[in-house]
Number of protein chains: 2
Amino acid sequence: MSIQQSPFARKLGAFVALSGEELSALDRLHGRRKTFPAGRDIVHEGQVNHSAYILASGWVCSYKLLSGGTRQIVDFQIPGDFLGLRSVLFRTADHNIEPVTKVEASEVPAADLLATFGKTPRLATAVLWAASRDEAMVVEHLVGIGRRDAKERTAHFLLELGARLKLVGLATASGYACPLSQYMLADALGLSAVHINRELRELREDGLVTFQHGKVEIHDLDGLVALADFDKTYLDHDGPLLK
Amino acid sequence: MSIQQSPFARKLGAFVALSGEELSALDRLHGRRKTFPAGRDIVHEGQVNHSAYILASGWVCSYKLLSGGTRQIVDFQIPGDFLGLRSVLFRTADHNIEPVTKVEASEVPAADLLATFGKTPRLATAVLWAASRDEAMVVEHLVGIGRRDAKERTAHFLLELGARLKLVGLATASGYACPLSQYMLADALGLSAVHINRELRELREDGLVTFQHGKVEIHDLDGLVALADFDKTYLDHDGPLLK
DNA sequence: CGAGAACTTGAACAGGGTCAAGATGCGTGG
DNA sequence: CCACGCATCTTGACCCTGTTCAAGTTCTCG
């Protein structure tokens, strides 16, 4: 795969028009390629001196555990996403990262990352932009959990995932492969697994979406968008800001 | 006020040891000082070509409005905080910013910010760190709304605010001045104003905190921390990562 | 083919919302 | 300095969304 085609490079390029030199600096950032099995945490809260990763294939989730034993999934990451940036900057990880499926990712050592920022400031700005986009997603989840009811929230979530996957070529307007269990959906949406199940059934019975057999099939996109009050502005790249 | 004493410079300095030159670049970033009255939005969602701001005095809140007319407050900003960074990087604002009180802030034009990053890469890294800290707060709010009940959530919120205010010298271990109404608390915590009122009464009757007359008084810090399962790691600066 | 994981459904319950009515505080103008 | 009016706070009663518990059922994969 050529440098220009890496999904992460493509994403950053959407904000900052990267020069050949910047692209190769970005390429050198990709360290050792590692594989992780599903289910065993890559990084756990409180861990120090870990690396960041650029996700090449598979899905992971970032979550926090509460004292009562419940967990809240903050976000899922899909191919092309950057993992653990925040934890590297803080030195000690503030959340857990668990592979949902088998995962392949390039390690990005903390020292390399910081050194690269010093030498390639536009890359630092691009990463800041990418981090802001992640924050925008977390904000949208917060709004959903705080003020949307279970059905809207579920619909919104499925639409957001679809929009993100489409950007990296893993979804079409009619659906996508989705390895998440209903338990994970529940932990991401702040609901119980039982209730998620009921909401999914309703969405199916309304002819809007199905979430079954590892696939999401969107049967009525407009209806779903209307129900969820979905506005994908916060996910969009509208061309480089920095020329 | 000397450069080194600006709360924003102090905050960035906690992550990156800033040189004299970097500090003066940071200082030049502070543009025109502006004053905003309480209640009228500084930035509204969808707005383009607005500036970012560094908050000098007063409180503001960042919020989103939903189609149903409800709103979700994402965070409050206090003196020393950076406002609207995300919206500047996206060119079009993805949330509203409303002053809670009368506010004084230095304007930071988008172009100046990006130019400074190019010339002073360590400053870009420092701002990335500050943005990550903000994201960590949003994540903590998400976890609270998703998995904590109303009482824990309220307690957690009051503790977080206290910890943040203490960092800029606006709180002591026993309390702080707080201009928020119960309605704003409700919109921040994803609860109804009526229910917030009941929870505040309970916290008061339990001898933990009072939230009255524009003041928060903490009567039993340990009890509150235990109730809220509060771990302030995510707010801490533990010394410069970049020397 | 068997066993555990994931999904499904029902029934009872509770946390928090909504509606309604009053009390309290506070800024403004007279 | 007082009085009026509005915003904020307070409390009660009832209701609804989503939880919990429990008992199957259906996948999936070794």
Side-chain angles (χ1 to χ4, degrees), chain A residues 37-40 59 61 66 68-73 98-102 144-158 177-205 209-216 227, chain B residues 37-40 61 66 68-73 98 100-102 144-158 177-205 209-216 227:
Chain A
R40 195 153 64 259
W59 293 35
C61 69
L66 302 198
T70 56
R71 78 166 176 174
Q72 176 66 46
I73 292 178
E98 175 189 317
V100 171
T101 65
K102 182 186 161 199
I145 294 188
R147 293 297 185 208
R148 277 192 256 264
D149 71 23
K151 198 170 185 179
E152 296 166 352
R153 211 185 299 176
T154 308
H156 195 280
F157 176 83
L158 295 176
C178 176
L180 306 178
S181 70
Q182 294 185 3
Y183 292 88
M184 291 183 207
L185 272 198
D187 282 343
L189 297 177
L191 296 168
S192 67
V194 170
H195 200 61
I196 277 284
N197 182 280
R198 294 192 229 275
E199 295 301 338
L200 287 174
R201 171 155 54 91
E202 282 201 31
L203 289 172
R204 194 184 331 128
E205 287 169 359
V209 238
T210 57
F211 178 97
Q212 279 172 327
H213 318 299
K215 275 205 288 271
V216 173
L227 167 64
Chain B
R40 193 150 68 255
C61 70
L66 301 196
T70 57
R71 78 166 176 174
Q72 176 67 45
I73 292 178
E98 175 189 317
V100 171
T101 63
K102 183 185 160 200
I145 293 188
R147 293 298 186 206
R148 278 192 254 265
D149 70 23
K151 198 170 184 178
E152 295 166 353
R153 211 185 297 175
T154 308
H156 194 280
F157 176 83
L158 296 176
C178 177
L180 306 178
S181 70
Q182 294 185 4
Y183 291 88
M184 292 184 204
L185 271 197
D187 282 342
L189 297 176
L191 296 167
S192 68
V194 171
H195 200 63
I196 277 285
N197 182 279
R198 293 193 230 273
E199 295 300 338
L200 288 174
R201 171 155 54 91
E202 282 201 33
L203 290 171
R204 195 186 328 129
E205 286 169 359
V209 237
T210 57
F211 179 98
Q212 278 172 326
H213 318 300
K215 275 205 288 272
V216 173
L227 167 64

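Here is how names work: the chains are called A, B, and so on, in the same order as the sequence lines, proteins then strands, and each is numbered from 1. Please read these numbers as outputs of a predicted model, since none were measured by experiment.
The side chain of Gln212(B) places no N or O atom within less than 4.0 Å of a non-bridging phosphate oxygen (OP1 or OP2) of dT8(D). Proximity of Asn197(B) to the phosphate of dT10(D): a side-chain N or O atom is located under 4.0 Å from OP1 or OP2.
The side chain to side chain contact (heavy atoms under 4.5 Å, CB included) test with Thr154(B) singles out one residue from Asp149(B), Leu227(B), Leu203(B), and that residue is Leu203(B).
In this structure, Glu199(B) places its CD atom 16 Å from P of dC9(D), rounding to the nearest Å. Between Tyr183(B) atom OH and dT8(D) atom P the separation is 7 Å, expressed in whole Å. Remark: P of dG17(C) and CZ of Arg148(A) are 17 Å apart, rounded to the nearest angstrom. Atom-to-atom, NE2 of His195(A) to C1' of dA22(D) comes out at 18 Å; the value is rounded to the nearest Å. Taking atom CG on Leu200(B) and atom C1' on dT10(D), their separation rounds to 11 Å, with Å as the unit. Between the CG atom of Leu180(A) and the C1' atom of dC7(C) there is a distance of 15 Å, rounded to whole Å. With rounding to whole Å, Ile196(A) atom CD1 is found 14 Å from dT20(D) atom P. When the C1' atom of dG15(C) is taken as reference, atom NZ of Lys151(B) falls 13 Å away, rounded to whole Å.
Under a 3.5 Å cut-off, the side chain of Gln72(A) and the backbone N or O of Asp187(A) do form a donor-acceptor pair. With hydrogens and angles disregarded, no donor-acceptor distance shorter than 3.5 Å links the side chain of Arg204(A) to the backbone of Thr210(A).
Considering only side-chain atoms of Ser181(B), the nucleotide from dT8(D), dG16(C), dC7(C) that sits closest is dT8(D). The listed nucleotides are dA20(C), dC9(D), dA22(D); the one nearest the side chain of Val194(B) is dA20(C).
With hydrogens and angles ignored, a donor-acceptor pair closer than 3.5 Å exists between the side chain of Arg198(B) and the base of dG12(D). The base of dT8(C) does not come close enough to the side chain of Arg204(A) for any donor and acceptor atom to sit less than 3.5 Å apart.
Along DNA chain D, the nucleotide closest to Gly190(A) and the one closest to His213(A) are compared, and the more 5′ of them pairs with Gly190(A). Judged by closest nucleotide on DNA chain C, Arg201(A) is the one of Arg147(A) and Arg201(A) placed further toward the 5' end. Positionally, the nearest nucleotide of DNA chain D for Phe211(B) lies more toward the 5' end than for the other of Ala193(A) and Phe211(B).
Among the heavy atoms of the strands lying under 4.0 Å from Ser192(A) is at least one base atom, whether or not backbone atoms are also near.
Interatomic distance, CD1 of Ile196(B) versus CG of Leu185(B), reported as 5.0 Å (0.5 Å rounding). Distance check, rounded to the nearest 0.5 Å: CE of Met184(A) to CZ of Arg71(A) gives 6.5 Å.
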